[in-house]
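See structure below.
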Amino acid sequence: MASPHPNLELRPLGNTGLKLSCVGFGASPLGRVFGPVSEDEAIASVAAAFRLGINFFDTSPYYGGTLSEKMLGKGLKALGVPRDQYIVSTKCGRYVEGFDFSAERVTKSIDESLARLQLDYVDILQCHDIEFGSLDQIVNETIPALQKLKETGKIRFIGITGLPLEIYTYVLDRVPPGAVDVILSYCHYSINDSTLVDLIPYLKSKNVGIISASPLAMGLLTENGPPEWHPASAELKSGCQAAAAYCKEKGKNISKLAMQYSLANKDISTVLVGMNSVNQVEENVAAATELSMFGKDQETLGGIEAILSPVKNQTWPSGIQRS
């Protein structure tokens, strides 16, 4: 049994008792949502991640219309290691055909996911992008249904995900203490937007574990820039483009710096980043290892932050607009 990579820090997740690698493997790209990925590449990237000390893998039936779950399942099975060596999270409520947070649908959903993942249980089942549903339904129907699934042993812990940060306080203030174990927030803890930090004391007071996804802000903090469909304003896109160019001039890579910026906050249990190649896995682990050895590149980060200051914490709407 290969021992986990000594340099990849493990961090506790809220009150769950789970210890997650500080870099998490986002499996959405295995669903070919960002371009073609062969089955061999998918399996190899999962193997490389595990070999380098990543023990947390996150997917959803929504990614690639169930393809991500199937590919991740094959990759995990190919590892040939005991089930307790890795932590798996999937989601419910968002599907290619639309949103359905009903108790009936989410209860059926986990059985479908377990079959695709070839697993007996998942460690975390999360309600996916709850801002597109009724938050009161999440509180009164979905989470109680997930608590029943917890009793069956099909899931160990319950989470909620979404973009607007106010959805977390809305739900957590209305469910019994301990009903929600973890939140997955994305695009709110990166160089251009660090608003998640304001919510951390509240989440800690509720003993809720924190997963932060998309440290590259869905492609904004990359040399190639974001995909066409990216919902950011033109102003935010051009600011990030200028920041990427500044890094390149200095011989630095904005994506690596963005990853390190997100990893530096120890209150965040894991930084989830989409990966679909051995090379990407190696780069992300190297960024974490370098950070633990040398710390953040404060000088370059300071320059990026100065460029991004006019658009700092600018976000975009997501979900049903509530007054």
Side-chain angles (χ1 to χ4, degrees), residues 1-31 42-43 45-60 63 68-69 71-79 81-91 113-114 117-126 128 155-161 180-186 189 196 203 208-216 259 262-276 278 280-289 291-292:
M1 165 70 220
S3 65
H5 207 247
N7 297 329
L8 213 51
E9 181 191 358
L10 296 176
R11 299 179 183 174
L13 181 70
N15 260 11
T16 63
L18 297 174
K19 287 203 159 101
L20 271 52
S21 50
C22 59
V23 176
F25 186 102
S28 69
L30 301 189
I43 291 171
S45 55
V46 171
F50 186 77
R51 185 180 72 246
L52 293 175
I54 292 175
N55 71 353
F56 178 57
F57 298 85
D58 175 88
T59 182
S60 166
Y63 302 147
S68 170
E69 284 186 329
M71 290 290 194
L72 180 60
K74 286 178 179 177
L76 292 171
K77 189 162 191 172
L79 293 175
V81 301
R83 173 65 183 88
D84 63 2
Q85 299 288 311
Y86 52 82
I87 296 162
V88 180
S89 159
T90 193
K91 307 186 184 81
S113 289
L114 291 174
L117 288 162
Q118 304 180 60
L119 297 174
D120 298 328
Y121 69 91
V122 293
D123 298 277
I124 308 167
L125 182 62
Q126 313 189 64
H128 195 175
I155 70 174
R156 293 175 66 199
F157 301 105
I158 294 167
I160 51 178
T161 85
V180 172
D181 302 290
V182 55
I183 67 130
L184 190 163
S185 163
Y186 70 97
Y189 199 83
L196 179 61
L203 293 167
V208 171
I210 305 167
I211 297 169
S212 180
S214 207
L216 311 184
M259 185 76 192
S262 298
L263 283 166
N265 190 325
K266 307 271 183 155
D267 286 325
I268 292 167
S269 298
T270 187
V271 174
L272 198 54
V273 60
M275 309 186 213
N276 62 12
V278 172
Q280 284 176 355
V281 172
E282 288 171 343
E283 282 177 3
N284 289 317
V285 172
T289 309
L291 176 70
S292 65

Does the side chain of [Y] come within less than 4.5 Å of [X]'s, by heavy atoms?
X    : Y    : result
V88  : R83  : yes
Q118 : L76  : no
L13  : I211 : yes
C22  : L8   : yes
I158 : L125 : no
V281 : R51  : no

Taking it one step at a time, do V285 and I54 satisfy side-chain contact (heavy atoms from CB on, under 4.5 Å)?
CA-CA 8 Å; V285 172; I54 292 175; 3.9 Å; yes
Check this for me: D84, atom CG, are more than 12 non-hydrogen atoms of other residues, nucleotides or ligands nearer than 6.0 Å?
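Yes - once you tally the heavy atoms of other residues, nucleotides and ligands closer than 6.0 Å, there are more than 12.
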Heavy-atom pair of closest approach, residues [X] and [Y]:
X    : Y    : result
L272 : G26  : CD1-N, 3.8 Å
A27  : L72  : CB-CD2, 4.2 Å
T59  : S68  : OG1-OG, 2.8 Å
M275 : L30  : O-CD2, 3.8 Å
R156 : L18  : NH1-CD2, 3.6 Å
L291 : A264 : CD2-N, 3.9 Å

So which pairs with a foot in residues 10-23 pass side-chain hydrogen bond (donor to acceptor under 3.5 Å, both in side chains), sequence neighbours left out?
E9-R11, S21-N55
Apply side chain to side chain contact (heavy atoms under 4.5 Å, CB included) to [X] and list each qualifying residue two or more places apart in sequence or on a separate chain.
X    : answer
A286 : none
S212 : Y189, L196, I268
T161 : K91, Q126, H128, D129, L184
E283 : N279

For N284, give me all partners under side chain to side chain donor-acceptor pair (under 3.5 Å), at least two apart in sequence or on another chain.
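Counting only residues at least two positions away or on another chain, N284 forms no side chain to side chain donor-acceptor pair (under 3.5 Å).
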Do any N or O atoms from the side chain of T270 and from the backbone of G24 form a donor-acceptor pair under 3.5 angstrom?
yes
[atom2] on [Y] to [atom1] on [X], rounded to 0.5 Å:
X    : Y    : atom1 : atom2 : result
L114 : Y121 : CG    : OH    : 11.0 Å
Y63  : T90  : OH    : OG1   : 8.5 Å
D181 : I124 : CG    : CD1   : 8.0 Å

Over 60° means perpendicular and under 30° means parallel, so tell me whether Y86 and F50 are parallel, tilted or perpendicular.
perpendicular
